[in-house]
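The block underneath contains the structure these notes are about, expressed in structure tokens.
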Amino acid sequence: VGIFSLPPGFKLNDACKVHDYMYESPAYQKHYTREDADKYLESAINKVAGTSVYKLLAKPFRLLARLFGRNKWENVKTR
């Protein structure tokens, strides 16, 4: 999101879209924590990247989500 957005058609977009949905879905947030969503992001990037160099982005993307995602997560109980 914002300055960390990926360009259209980027290989990792599908993994990130699911993570973005998790951050926007009150239904998801009712049953899962932000940490769960961020762990999923790292896992999904690793899966989509396979053996490519993009696998190196999994942990930094998760850390960026942890650092900057708090205010985007709506459910304060699972924040």
Side-chain angles (χ1 to χ4, degrees):
V1 177
I3 61 171
F4 302 112
S5 293
L6 299 173
F10 193 71
K11 182 175 183 168
L12 303 179
N13 280 355
D14 288 341
C16 295
K17 284 179 187 177
V18 175
H19 180 256
D20 291 349
Y21 167 79
M22 293 171 176
Y23 266 67
E24 296 169 359
S25 170
Y28 178 86
Q29 293 179 17
K30 184 176 180 179
H31 301 285
Y32 299 96
T33 66
R34 191 167 70 95
E35 178 66 20
D36 293 330
D38 296 341
K39 284 180 183 177
Y40 172 85
L41 175 64
E42 183 177 0
S43 172
I45 289 174
N46 279 322
K47 189 177 289 185
V48 170
T51 58
S52 75
V53 69
Y54 293 124
K55 199 167 192 151
L56 297 173
L57 295 176
K59 198 156 292 286
F61 273 43
R62 179 179 175 194
L63 292 174
L64 287 170
R66 296 304 301 157
L67 288 171
F68 298 107
R70 182 173 175 83
N71 292 334
K72 300 289 184 189
W73 191 265
E74 295 176 12
N75 188 331
V76 293
K77 292 180 181 177
T78 59
R79 193 178 277 169

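Values below: all heavy atoms of this structure, side chains included; hydrogens, waters and symmetry mates excluded.
- A ring-ring contact (aromatic ring centres under 6.0 Å, His included) check over residues 36-60, counting only residues at least two apart or in different chains, returns the pairs Phe10-Tyr54.
- Applying the under-4.5 Å side-chain rule to Ile, Leu, Val, Met, Phe, Trp and Tyr, the cluster around Leu63 consists of that residue alone.
- Every residue two or more places apart in sequence or in another chain that forms a ring pair (Phe, Tyr, Trp, His ring centres under 6.0 Å) with Tyr23 is listed here: His19, Trp73.
- Other cluster members for Val76: none, since no ILVMFWY side-chain heavy atom sits under 4.5 Å from it.
- In this structure, CG in Leu41 is found 9.5 Å from CG in Leu64, a value given to the nearest 0.5 Å.
- A salt bridge (Lys or Arg N to Asp or Glu O under 4.0 Å) check over residues 41-53, counting only residues at least two apart or in different chains, returns the pairs Glu42-Lys59, Glu42-Arg62.
- Listed for the Asn75 side chain is no donor-acceptor partner under 3.5 Å among the backbone atoms of Pro26.
- Checked against side chain to side chain donor-acceptor pair (under 3.5 Å), Arg66 has the following partners two or more places apart in sequence or in another chain: Glu35, Asp38.
- Contacts of Tyr21 classified as ring pair (Phe, Tyr, Trp, His ring centres under 6.0 Å), with partners at least two apart in sequence or in another chain: none.
- The backbone N or O of Ala65 lies less than 3.5 Å from a partner atom in the side chain of Arg34, making a donor-acceptor pair.
- When the side chain to side chain donor-acceptor pair (under 3.5 Å) test is applied to Asp36, the partners found at least two apart in sequence or on another chain are Thr33.
- For the residue pair Ser52 and Lys11, the shortest heavy atom distance occurs at OG-NZ, 3.9 Å.
- Listed here is the closest heavy atom pair of Pro60 and Leu57: CD-O, 3.3 Å.
- Atom NZ in Lys30 sits 11.0 Å away from atom OG in Ser25 (nearest 0.5 Å).
- Among all heavy-atom pairs drawn from Leu6 and Cys16, the shortest one is CD1-SG, 3.8 Å.
- Between Ala58 and Asn46, the shortest heavy-atom distance links the atoms CB-OD1, 3.4 Å.
- Expressed to the nearest 0.5 Å, how far CD of Gln29 lies from NZ of Lys77 amounts to 13.0 Å.
- Counting heavy-atom neighbours within 6.0 Å of Tyr28 OH, excluding the residue itself, gives a total above 12.
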